[in-house]
Amino acid sequence: MTDADWRRLDRAVDGRVRRPGEAGFRDASMPFNKRFAGTTPGGVVSVAGTEDVRRAIVWARDAGVDVVARCGGHSYAGHSVGTGLVIDLGAMNTVSANGSTGLVTVAGGALMADVYAAVQPHEMAFALGNGASVGIAGLTLGGGCGATSRVLGLTADALVETTLVTADGQVLRCDANTNADLFWACRGGGGGNFGVNVSFTFQARPVADCASYLLLWDRADAPKVFSVLQEIALRAPDEFATRIGISKAGESKGVVSAIGQHFGSAKELREILDPVLSVAQPIRADIADRTFWEAKDDLLHETSEGAFAVRTNTTTRPLPEEAIATMLSFVDRVPGSGNPDGGGAALFSWGGAINRVGATETAFAHRNALFLLSMDVSWAEADNPAVVDANLRWLAELADAMSPYVSEGAFQNFIDPDLESWRDAYYGANYPRLKEIKERVDPDGVFTFAQSIGS
């Protein structure tokens, strides 16, 4: 690949092409997970619109250059950056919300903050992530879940139309009737597999006031908290959601937390939470009525800066006492690193509206899960290789120790580069259909990366 080739791309697009060493290059290509900060693209094209995306893909095909799309850059496995061409959609961030129809049309580079700002004046929403800087594209294409998903379903469940540019430069509109197979694949089939999605249209629903909560306990109360809160989540109405976590950094004893919301009053929420409040006195308890938008802000969470790794499993039943004890014993001995976020584990309540869609109705196969177990560890870029190895080994051993208590499913939004059985874990019985669609729309593997469909 010569400089002349890159100049040819620069002349072909309305946006900006940046090469290593040029101003703005690192900002346009740096992955959020600094574990992959050493990956340097040959170039980044910050596109001005759909035609730029099409021209960039055609150029990459002709030049024989690998190509990846980048929205928020939050791919846990660093797949929003590669050694070839990165198509940066950051400037394509417009959002249009129609309060009469509830339809929300979102450009492919928009972030959660952009979407929330557009829907709030209309008092309507659909399930969105809890990170303001997360991109709508990756969230939707992996399924997308949040604290509202037990009522509103997945982000992908709200999708009614998407437009993407395929490997041969076609611009395809996809919905339930037009290019229906590709539409199906874009609802949970994972980002970056079938083309570059430049637009999404969602069906939003009215939202009203609710309640949110944050509860913290000492490490000693962890077994009771995890056990009782799981039972609460099983019995509670769909309107209730929780994330139960245990984290440890440095020499601390660890902190147990529960955070979530309830589509109802704080009085109702306290009644739902009463069993765990009675069995273990929190060191902090914040339970209050909120507007939907205040609750959204309460639940905002940004994944740790620096480098990190995550393992996930779905589970169709609560973790038994021995599983909780195993998990806690591992968290007690997180190896430690230069990253103050340390390591830990959390259970996210699923079920509800997520499970009222069939496992093959969309590409998202995890429709029988009641909880998502997420296990994570972090380190600093400056940590030496021995520290990194110790933390990754800890995570792998924790995941192995928990495997008898969970199902084989793993969450494709929290994509894990170290997961060997990813085809079945992410997509289950849907993988063969996804592979067939991939072979049809991208037979030459233009959009190929580790853990891409068909690889």
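Given the structure is predicted, the values throughout are model-derived calculations rather than measurements.
- Side-chain contact between Thr178 and Asp175 is present, with heavy atoms from C-beta onward closer than 4.5 Å.
- In this structure, the separation between CZ on Arg440 and CG on Asp181 is 5.0 Å, given to the nearest 0.5 Å.
- Taking every heavy atom of both residues into account, Met375 and Asn313 meet most closely at CE-OD1, 3.8 Å.
- In this structure, Val119 and Trp293 have side chains that are in contact, with non-hydrogen atoms separated by less than 4.5 Å.
- Considering all non-hydrogen atoms of both residues, Asp14 and Ala48 come closest at CB-CB, 4.1 Å.
- The heavy-atom pair separating Ala147 from Gln261 by the smallest distance is CB-OE1, 4.0 Å.
- The OG atom of Ser337 lies 5.0 Å from the CG atom of Asn391; values are rounded to the nearest 0.5 Å.
- Using bins of under 30°, 30° to 60° and over 60° for the plane-to-plane angle, the ring pair Phe364/His366 lands in the perpendicular bin.
- At a threshold of 4.0 Å, the pair Asp297-Arg290 does not count as salt-bridged, since none of the basic side-chain nitrogens sits closer than that to a carboxylate oxygen.
- The pair Arg54-Glu51 meets the salt-bridge criterion, with a side-chain N (NZ, NE, NH1 or NH2) lying under 4.0 Å from an Asp/Glu carboxylate O.
- Under the rule for a side-chain contact (heavy atoms from CB on, under 4.5 Å), the partners of Ser75 that lie at least two apart in sequence or sit in another chain are Ala77, His79, Ser80, Ile415.
- Judged by the 6.0 Å and 45° rule, Lys34 forms a cation-pi pair with Phe32.
- Put simply, CZ on Arg367 and OG1 on Thr362 are 4.0 Å apart, with the number rounded to the nearest 0.5 Å.
- In this structure, CZ on Phe126 lies 10.5 Å from CG on Leu103, to the nearest 0.5 angstrom.
- Qualifying side-chain contact (heavy atoms from CB on, under 4.5 Å) partners for Asn413, counting only residues two or more places apart in sequence or in other chains: Phe411.
- Between Leu299 and Asn130, the shortest heavy-atom contact is O-CB, 3.4 Å.
- Considering every non-hydrogen atom in both Gly188 and Ala363, the closest pair reads C-CB, 3.7 Å.
- Here CD of Glu408 is found 9.5 Å from OG1 of Thr314. Values are rounded to the nearest 0.5 Å.
- Between Ile272 and Pro237, the shortest heavy-atom distance links the atoms CD1-CD, 4.2 Å.
- Residues Arg35 and Trp379 are in side-chain contact: their nearest non-hydrogen atoms beyond the backbone lie under 4.5 Å apart.
- At least one donor-acceptor pair closer than 3.5 Å links the side chain of Ser378 to the backbone N or O of Gly342.
- By the 4.0 Å N-to-carboxylate-O rule, Asp88 lies too far from Arg18 to be salt-bridged with it.
- Taking CG from Asn193 and CG from Leu141, the interatomic distance works out to 8.5 Å, rounded to the nearest 0.5 Å.
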